[in-house]
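A short worksheet on the structure shown next.
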2 protein chains.
Amino acid sequence: MAISEAEAVVMDVLWREAPRTAEEILAEVGPAQGWQEGTVKSLLNRLLKKKAVHAERDGRRYLYTPLLAREQYVQQESKGLLDRLFGGRVAPLVVHFSEQRKLSKKDIAELRKLLKELDDEQH
Amino acid sequence: MAISEAEAVVMDVLWREAPRTAEEILAEVGPAQGWQEGTVKSLLNRLLKKKAVHAERDGRRYLYTPLLAREQYVQQESKGLLDRLFGGRVAPLVVHFSEQRKLSKKDIAELRKLLKELDDEQH
DNA sequence: CGCAAGCAATTACACGTGTAAACATAAATT
DNA sequence: AATTTATGTTTACACGTGTAATTGCTTGCG
């Protein structure tokens with residue numbers, strides 16, 4: 001089963017640094033998200049059930065570690081969108097953003113650099 | 001309220017060609033999706049409620065037309081993903097796919113072309 | 001005119017999600 | 001030892017979604 005958006009917020013905390021306690025996660029994410037303790041605990045439990053995190057007892061509390069790698073998650077999500085909306089190809093997506101004027105100077109510079117590198121490693 | 005994935009499948013039919021009757025939509029999408037009549041009708045009703053389509057009576061049936069433009073939908077979805085996963089920027093997403101070896105020759109060629117065009121229209 | 005056929009609208013139902021409140025349990029404090 | 005405190009676990013509940021079944025309304029047909 002897929003990871004929901006709220007769950008992904010919790011994963012994000014763990015991806016930045018792990019292991020962490022529920023309390024630490026709440027501290028980092030509660031204020032911005034407007035979540036209470038119970039909410040974070042529930043999300044952690046659902047993530048446990050989905051095998052997306054691992055919990056290791058540490059005295060009276062648990063330390064949570066991600067099992068699902070961020071790369072994996074990003075990959076799934078991005079591929080899903082690409083497949084659904086752009087025929088599974090990257091260029092049309094970039095063209096789309098270009099048409100919407102959503103390419104910054106920085107984006108363009110980085111894309112140039114990337115293409116150059118791909119060119120170089122060609123042989 | 002956002003459009004769900006099943007609803008988007010119906011929208012896709014209408015984006016390809018509109019207006020259409022529920023029957024036509026079912027014919028186009030039912031087999032592939034494994035949906036019955038009632039399913040398509042329900043989805044259409046939800047889309048009506050969400051003001052994503054318009055229905056115009058035509059004798060005993062309705063003709064459905066999209067109100068939400070595909071561009072708009074694509075924009076929302078893409079921006080959402082970009083914001084959630086790539087800090088709202090396009091280049092990191094492309095880099096991600098590049099690292100996953102998901103850039104085809106064709107993608108690379110098209111990206112080159114796009115950058116060239118952007119360069120040209122610069123002045 | 002009464003009924004069948006064709007559509008649409010309403011209702012249904014299980015499951016996931018966001019968001020907790022309530023409950024359980026074990027450790028710390030009085 | 002009894003009570004408070006800190007955590008985690010279970011239960012809850014409303015809402016969206018996927019997927020129809022059921023009901024309702026027209027309208028052509030016998």
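Letters A, B, ... are given to chains in the order of the sequence lines, protein chains preceding strands, and every chain is numbered from 1.
- Aromatic ring centres of A/Tyr64 and A/His54 lie farther apart than the 6.0 Å criterion allows.
- Looking at which nucleotide of DNA chain D each of A/Arg60 and A/Leu48 is closest to, the 5′-most match is held by A/Arg60.
- Nucleic acid contact class of B/Glu23 (heavy atoms, under 4.0 Å, all strands): none.
- In this structure, the side chains of A/Leu118 and A/Leu114 come closer than 4.5 Å at one or more pairs of heavy atoms.
- Judged by distance alone, with hydrogens and angles left aside, the side-chain atoms of A/Gln75 form no donor-acceptor pair with the main-chain N or O of A/Gln72 at under 3.5 Å.
- Note: A/Glu7 CD to A/Asp12 CG = 12.5 Å, rounded to the nearest 0.5 Å.
- In terms of heavy-atom proximity, B/Lys79 sits nearest to A/Phe97 at N-CZ, 4.2 Å.
- Atom CG in B/Asp107 sits 10.5 Å away from atom OG in B/Ser98 (nearest 0.5 Å).
- Rounding to whole angstrom units, CG of residue A/Asp58 and P of C/dA27 are separated by 13 Å.
- Within the 4.0 angstrom heavy-atom criterion, no nucleotide atom of any strand lies near A/Lys49.
- The distance between atom CG of A/Leu43 and atom P of C/dA20, rounded to the nearest whole Å, is 10 Å.
- Side chain of A/Lys50 to main chain of A/Ala2: a donor-acceptor pair is present (N/O by atom type, distance under 3.5 Å, no hydrogens or angles).
- Contacts of B/Glu5 with the nucleic acid, taken as non-hydrogen atoms under 4.0 Å apart, involve only primed sugar atoms and P, OP1 or OP2.
- A residue-by-residue look at B/Lys41 and A/Ile3 shows that B/Lys41 has its nearest nucleotide of DNA chain C further toward the 5' end.
- Remark: side-chain polar atoms of B/Trp15 are paired, donor with acceptor, to backbone N or O of B/Leu68 under 3.5 angstrom.
- Residues A/Asn45 and B/Gly59 both approach DNA chain D. Their nearest nucleotides, taken by heavy-atom distance, put A/Asn45 toward the 5′ side.
- Across all strands, A/Thr39 comes closer than 4.0 Å to base atoms (heavy-atom distances).
- At a threshold of 4.0 angstrom between heavy atoms, the contacts of A/Gly34 are confined to the sugar-phosphate backbone, with no base atom among them.
- Overall, the helix from C/dC1-D/dG30 to C/dT30-D/dA1 carries an axis bend of 40° between its ends, with five pairs at each end and the value rounded to 10°.
- Counting only distance, with no hydrogens or angles, the side chain of A/Arg20 and the backbone of A/Glu17 share a donor-acceptor pair below 3.5 Å.
- Residue-to-nucleotide proximity on DNA chain C shows that, of B/Thr21 and A/Ser4, the 5′-proximal contact is made by B/Thr21.
- If you measure from atom CZ of B/Arg46 to atom C1' of C/dA9, you get 13 Å, rounded to the nearest angstrom.
- Using a 4.0 Å cutoff to heavy atoms of chain A, the contacted part of DNA chain D runs 5' to 3' from D/dA6 to D/dA12.
- A straight line from CZ of A/Arg61 to P of C/dA28 spans 12 Å, rounded to a whole angstrom.
- Separating the CG atom of B/Leu26 from the P atom of C/dG6 is a distance of 14 Å, rounded to the nearest angstrom.
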